Every structure is written in C-alpha cells, then in structure tokens.
Amino acid sequence: MDEGEKRERYAVLVKSLGYTIDNNEKKRKDAVLPPLPLKNKDQPVVMRIAPNPNGPATIGHARGIITNGEYARMYKGKFILRFDDTDPKTKRPLIDAYKWYAEDCRWLGYNPDEIVIASDRIPIYYEYAKKLIEMGKSYVCLCEKEDFKRFKDNSKPCPHRDQSVEENLEYWRGMLSGEYKEGEVVLRLKTDINNKNPALRDFAIFRIIYEDHPRISNRYCVWPMLDFESGIEDHLLRVTHIIRGKDLIDSERKQRFFYDYFGWEYPVTIYWGRIKIHEFGKISTSSIKKGIENGEYTGWDDPRLPTIRALKKRGIDPIAIKNFVISLRVNISDITISMENLYAENRKIIDDKAKRYFFVDDPIKLKVKGIDNSVEKHVKIPIHPNFPERGYRELNFKDVVFITSKDYNKYMNSIVRLKGLFNVRIDKNEVYYAGDEIKDLPIIHWLPSGLKMRVISPEGTYNGLGEEGLENSIDEVVQLERFGYARIDFVDKDGEIIAYFTHK
RNA sequence: GCUCCGGUAGUGUAGCUCGGCCAAUCAUGUAGGGCUCUCAAUCCUACGACACGGGUUCAAAUCCCGUCCGGAGCACCA
C-alpha cells in the first residue's frame with residue numbers, strides 16, 4: 001500500500017468513526033504521481049523532455065516538464081532537457097527559446113540536471129549512421145520522393161536498397177561533402193519492406209538541408225530526422241522512461257529497428273493524449289507566434305495566452321500548476337480541461353496570502369448627503385479577514401465616495417452598506433446616509449479617492465481607482481474585493497498601477 | 001483506404017494488470033444552506049458516470065466478441 005492509498009484508507013476510517021479530518025491537511029496535501037514501472041530497480045531513473053525550441057513553454061509543455069521532473073525527483077533520478085532542433089527549415093528554432101524554455105522549467109521548480117542540444121551533437125549521429133551503413137542496415141536512396149512512396153506503399157524495395165556497403169559509404173560521403181541538392185538524396189534505415197504498417201517501411205533517417213541553423217549556421221547540410229536523433233540520444237543519455245504524446249507511437253516502432261540492430265534496450269514508454277483547454281482551444285506554439293507577429297498579442301506573456309510566462313505574469317503559483325498538472329495524470333486519451341481547475345488550485349495557495357484591497361472599476365463619483373460632511377471619518381478594514389493580526393488598512397472618508405457603475409446601476413434606489421463605513425441609499429448622482437447599524441444589506445466596496453489603476457485580464461482591460469497601498473504591492477498577488485485576484489505588475493511613470501487579473 | 005489506440009458524472013481522475021470488499025474514489029463544477037461588514041476563504045448538504053449489445057461466470061466497470069463514437073500515424077516536420 002503506498003502513501004496516498006494509506007491516506008485514503010485512513011480518511012475513510014476516520015470519517016466512518018464520525019470524526020472530521022483536519023482541513024489544513026486536505027488543503028496542503030501535495031499532489032502525488034502514481035509509481036513508475038521500474039525495469040531494473042538498481043538503475044537510476046532518467047527522465048527527459050525533448051521540445052523543439054520554437055517558443056517558451058505552454059501549459060501543454062508544463063505537463064511534460066512537471067510530470068517528468070517530478071518522476072525524476074520521486075526516484076532521486078535525473079531530469080534532462082534536450083532540444084531536438086534538427087530541422088532548421090520547416091521547424092526553424094527560435095534562438096531565444098532555448099533560454100526561455102530553461103527559465104520556464106526553473107520557474108516551475110524543475111531545474112534540469114542537464115541540458116542537451118541536438119544541433120551540438122550532429123557528428124555523433126553521423127557516426128551511428130556510418131555504423132548502420134557498414135552493418136548493411138542503412139542505404140542511400142536517390143529516388144524521387146513520389147517514386148519511393150509508390151514502392152513503399154506496394155511493399156516493393158526501391159532500386160537503391162540493394163546497393164553494396166561500399167556504394168552506400170561513397171554516396172554518404174558525397175552527402176556530407178555537399179554534393180547533392182536538397183530533396184535529391186536521403187539516407188534510409190533498412191527495416192522491413194513488407195511490414196504491414198507502411199509508416200515503418202524503410203523510413204528516412206537523414207536528409208539534406210542547406211538552410212542556416214540559427215545556432216550553428218551552415219556548418220552541416222545533412223540533418224538527422226527526429227526519430228533517429230531522438231532514439232540515439234535517449235540511449236546515449238541512458239534515459240529509462242519516456243513519457244510522450246501518442247502521436248509519437250509509431251516513432252517507438254521505428255526506433256526499435258535500430259535499437260535491435262545495435263542491441264540496445266528500449267526505454268519504458270508511456271504515452272499521453274493531447275491536452276486541450278476550454279478557454280484556449282488547442283495550443284500550438286506556431287499559431288501563438290503568428291499572433292504575436294501580426295500584433296494580435298502583445299508578446300509571449302500576453303495574459304490571453306496559455307504560456308507559462310503569461311500565467312506567471314497573472315499571478316498563478318507554480319505549485320498550483322504542478323497540482324493541476326498532476327491531477328491530469330498520464331492518460332493516453334485526449335482531454336479537454338478547463339482553466340477553472342487550475343484557478344481552484346491556485347486559489348487554495350494564494351487566498352491565505354493575498355492582501356485585500358478595493359479596486360473600483362469604472363468609478364462613479366457620488367456626493368454623500370444627509371450627514372455632517374465637515375468631519376472626516378476613518379475606516380479600518382482588515383488586510384485579511386481571516387488573519388486580523390496582520391493589521392488594518394485605513395480609508396479616510398470625507399463627503400464623496402466612488403463606487404463602481406455596475407453597483408450604481410444595480411442598486412439604484414436601494415439601500416446598501418458601504419463596507420466598513422455606513423449604509424446609504426443610492427440615488428441619481430448622490431447617496432443618502434441611511435444609518436450605521438449592520439443590517440442584512442448588500443455590501444459593496446467603495447473608495448474615498450484612489451490611485452489610477454488598470455487591470456488587464458484575458459477578457460479585456462478594466463480602468464478604475466485602486467486603493468492606496470496597492471502601489472506598495474508590486475509583484476504580489478492581492479485580492480481586489482468583490483472583483484477577483486490580481487497580480488500587481490508595476491506603477492507607470494504617471495503613477496498608474498498596472499495589474500494583471502489572476503482569476504475570480 | 002491501410003496501421004494502431006482509446007471510451008467511468010459537465011470536466012479531470014481512482015478502480016481495469018490478478019472479476020467479488022464498487023448500488024463505483026477524489027477533485028472541480030452547479031444548486032441550496034451555515035459562518036463572515038467581499039460575490040473570497042471556510043464548513044455542511046445535494047446533483048451527477050461504468051458508450052451500446054451480446055457472451056463467459058455463482059459473480060463483470062474489470063475478461064471475450066461485435067457495434068457505435070472519438071483520436072493518432074501512414075513526410076526528405078517536430
């Protein structure tokens with residue numbers, strides 16, 4: 001019985017006896033991943049993530065980072081970040097993305113133990129290619145793409161399949177020294193031309209690309225295909241477990257051919273399905289990139305985006321992301337999940353910490369009638385209602401209040417309580433004092449005056465007045481009462497507070 | 001078309017390997033209520049699922065077959 005199971009049983013037992021469980025325990029319970037199948041108990045667990053560096057990490061990537069990183073941690077193993085940047089043309093790497101991605105890992109709490117960049121290791125892949133040619137397991141194919149497809153689809157060997165090792169080595173040298181044009185020639189792995197799965201028949205492992213690589217320029221013109229590079233690396237890095245998208249399921253079948261040729265043991269593989277978020281739809285880094293280029297988004301951390309940087313900017317705690325991701329587990333079926341689940345996790349973490357303040361969105365200035373306005377009233381409201389020992393904030397009222405136009409319209413002609421102050425009846429452009437006693441009235445927030453403030457949310461921007469004190473909460477997540485949580489980003493040169501909406 | 005996967009409440013999950021303890025777990029959500037000078041937090045209650053049809057068996061969410069629905073791959077992309 002593992003820890004989680006024990007806890008469950010205990011909880012059931014306790015409940016059956018009529019006791020209640022300490023709530024804090026429930027709240028602080030850290031999400032735990034199910035155990036990993038271990039082939040060899042003595043072998044250290046090595047996990048990896050292998051992104052294409054074309055942008056910073058998104059929530060989808062966070063799933064990979066956290067799950068793999070967490071497993072490495074659970075088994076006191078190693079966590080590797082490897083950039084599979086072997087196509088400078090159609091999957092052109094973004095030079096900043098290498099750095100961004102590593103930063104995102106670190107921020108999520110999973111600093112990679114090792115970072116490997118495939119484009120640094122091309123000669124290694126060449127060595128293994130040469131070995132395969134020498135073993136008679138690989139050949140240079142000069143077929144037109146369409147011709148090869150025809151052969152392949154009919155389980156017919158292409159004319160180059162039976163070339164001698166010497167011929168292949170000669171062609172291979174030619175490839176490396178730039179004697180061929182793009183698309184003219186390719187190195188194939190000799191698999192099984194009769195395999196019932198056409199995807200596995202003599203697939204390409206190297207091709208010619210003359211495009212400059214953003215990191216290493218034009219140093220190479222022969223580039224390995226992902227299936228090859230990734231398979232070689234997983235072996236060289238002694239990766240024990242691979243967790244990857246189910247779209248790569250044929251990749252394993254392909255790689256097993258050369259693992260067999262080399263006599264290597266294939267890592268344990270676990271597949272997961274695609275993750276789709278209600279609020280964002282399917283996440284694709286390339287579409288985000290396009291949106292940034294055409295000005296639709298302000299950048300990779302635009303709060304409307306599902307990137308880790310955007311979530312950070314909005315005040316989502318990395319632990320909340322962890323708990324959220326782990327709750328998804330590792331499942332092969334595609335899932336559609338709502339951000340609400342992430343927000344719920346985040347609320348559990350930030351609510352105890354978040355200072356309370358008022359933010360009056362779309363404010364309306366109202367004169368207060370029916371009371372002696374010559375005296376100033378000092379109102380004290382706790383910074384956090386559940387922790388009065390943290391102190392109070394003070395609002396100094398004198399004859400006018402600002403309330404949101406939403407409340408103004410909603411409570412027109414009715415009596416409401418201005419939190420901490422007194423009751424008023426709302427009328428056109430003014431409010432009338434309606435007593436001090438605390439009755440069963442709607443409670444609304446207000447401000448006697450305030451600082452210009454803007455809250456940027458995925459749905460739009462809210463302009464209004466922020467309570468004094470907010471300007472001292474830079475980089476903190478606060479709760480704007482009756483509005484929602486927000487992270488205070490900065491105060492601009494005009495004194496306006498700029499905040500990002502976290503969630504309700 | 002060919003290969004290969006998957007289908008538990010609105011959503012995400014546990015259980016499926018080794019059938020019984022499952023009239024099915026937990027979370028989120030929604031609704032109602034308690035507490036509270038926030039529509040937050042917190043507490044209580046309620047709602048809600050084994051895709052369908054057959055079979056095996058004393059017993060099926062769990063094993064087998066079929067149907068339906070969904071997904072992935074079939075690139076000189078990752």
Side-chain angles (χ1 to χ4, degrees), chain A residues 4-5 8 11-12 20 23-24 26-27 29 31 34 37 50-54 83-87 89-93 118 141 143-145 148-149 152-153 182-188 195-201 203-209 222-223 225-227 229-230 245-251 253-254 271 273-275 278 285-286 323-324 326-329 331-338 340-345 347-348 350-352 354 356 358 379 381-382 384-387 417-423 438-445 479-485 504:
Chain A
E5 204 177 335
E8 296 298 334
V12 169
T20 43
N23 304 316
N24 284 332
K26 184 174 155 198
K27 200 168 168 179
K29 189 170 86 180
N52 173 41
N54 60 347
F83 292 106
D84 286 345
D85 57 346
T86 55
D87 183 353
K89 197 169 194 173
T90 57
K91 294 279 168 164
R92 177 155 252 271
C141 170
C143 290
E144 290 285 325
K145 202 169 158 183
F148 183 81
K149 182 173 165 52
K152 182 200 74 178
D153 288 345
E182 278 184 25
E184 201 176 355
V185 62
V186 88
L187 185 71
R188 294 189 179 282
N195 194 295
K196 60 180 180 174
N197 185 346
L200 310 186
R201 297 172 194 158
F203 58 90
I205 54 177
F206 283 86
R207 80 298 211 191
I208 308 280
I209 300 174
V222 177
W223 290 90
M225 302 290 292
L226 173 78
D227 293 324
E229 175 270 322
S230 174
K246 65 176 175 185
D247 49 316
L248 262 25
I249 212 153
D250 277 345
S251 206
R253 300 192 178 106
K254 288 178 175 180
Y271 292 94
R274 184 143 196 188
I275 179 170
H278 274 303
T285 307
S286 52
N323 291 340
F324 168 72
I326 289 180
S327 77
L328 305 179
R329 297 299 186 95
N331 209 309
I332 196 160
S333 38
D334 294 344
I335 56 169
T336 307
I337 183 108
S338 166
E340 282 303 328
N341 293 263
L342 209 207
Y343 298 160
E345 292 297 340
R347 224 173 267 125
K348 289 178 196 166
I350 63 174
D351 186 73
D352 278 358
R356 267 56 174 175
F358 287 159
V379 172
I381 301 174
H384 196 300
N386 302 350
F387 305 97
R417 171 112 187 141
L418 298 174
K419 183 170 173 172
L421 188 63
F422 45 61
N423 310 328
I438 295 154
K439 291 187 290 194
D440 196 17
L441 290 171
I443 296 161
I444 67 167
H445 61 296
Q479 192 203 68
L480 304 172
E481 292 195 39
R482 300 210 311 135
F483 182 82
Y485 300 89
K504 280 299 271 183

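The model shown is predicted, which means the values in this text are computed figures rather than measured ones. Chain naming here is simple, since letters A, B, ... match the order of the sequence lines and numbering starts at 1 in each. The figures here come from the full heavy-atom set of this structure, side chains too, leaving out hydrogens, waters and symmetry mates.
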Among side-chain atoms of A:N341 and A:S338, is any donor-acceptor pair under 3.5 angstrom? no
Judged by modelled atom types alone, do A:D247 and A:Y271 share a side-chain donor-acceptor pair under 3.5 Å? no
For [X] and [Y], which heavy atoms make the closest approach, and how far apart are they?
X: A:F206; Y: A:V186; answer: O-CG2, 2.9 Å
X: A:Y485; Y: A:D351; answer: OH-OD1, 2.5 Å
X: A:R417; Y: A:L441; answer: N-CB, 4.2 Å
X: A:A354; Y: A:Q479; answer: CB-N, 3.8 Å

Do the side chain of [X] and the base of [N] come within less than 3.5 angstrom through a donor-acceptor pair of N or O atoms?
X: A:K91; N: B:C77; result: yes
X: A:Q479; N: B:U38; result: yes
X: A:R356; N: B:A40; result: yes

Regarding [X], tell me which of base, sugar-phosphate or nothing describes its non-hydrogen contacts under 4.0 Å with the strands shown.
X: A:D247; result: base
X: A:K152; result: sugar-phosphate
X: A:L441; result: nothing
X: A:K419; result: base
X: A:K149; result: sugar-phosphate
X: A:S230; result: nothing
X: A:N386; result: base

Would you call [X] and [Y] a salt bridge, taking side-chain N to carboxylate O under 4.0 Å as the test?
X: A:D227; Y: A:K254; result: yes
X: A:K89; Y: A:E182; result: yes
X: A:K149; Y: A:D153; result: yes

Counting just side-chain N and O atoms, does A:S251 come under 4.0 Å of either OP1 or OP2 of B:G73? no
Side-chain N or O of A:K254 less than 4.0 angstrom from OP1 or OP2 on B:C74? no
Detail all sub-3.5 Å separations between protein N/O atoms and N/O atoms belonging to nucleotides 48-51 of chain B.
none

Given the [atom1] atoms of [N] and [M], what is the spacing between them in whole Å?
N: B:G15; M: B:C77; atom1: P; answer: 40 Å
N: B:G7; M: B:C64; atom1: P; answer: 13 Å
N: B:G19; M: B:A59; atom1: C1'; answer: 8 Å
N: B:C50; M: B:U45; atom1: P; answer: 24 Å
N: B:A9; M: B:C22; atom1: C1'; answer: 15 Å

Output field dot_bracket for RNA chain B (Watson-Crick or G-U, both distances under 3.5 Å, | for other-strand pairs) contains (((((((..(((.......[.....)))((((((.......))))))...(((((..]....))))))))))))....
Are the side chains of A:E481 and A:K419 in touch, meaning some heavy atoms are under 4.5 Å apart? yes
Just so I know, are the side chains of A:E229 and A:D84 near enough to count as touching, which here means a heavy-atom distance under 4.5 Å? yes
A:K348, nearest nucleotide to its side chain (from B:U28, B:A41, B:C76): B:U28
Rounded distance (Å) that lies between atom [atom2] of [N] and atom [atom1] of [X]:
X: A:E481; N: B:U36; atom1: CD; atom2: P; result: 16 Å
X: A:D440; N: B:U38; atom1: CG; atom2: C1'; result: 15 Å
X: A:E182; N: B:C76; atom1: CD; atom2: P; result: 14 Å

Could you go through nucleotides 9-13 of chain B and list every protein N or O atom that sits under 3.5 Å from one of its N or O atoms, giving the distance for each pair?
residue	atom	partner	partner atom	Å
B:U11	O3'	A:T336	O	2.7
B:U11	O2'	A:T336	O	3.1
B:G12	OP1	A:T336	N	3.1
B:G12	OP1	A:T336	O	3.2

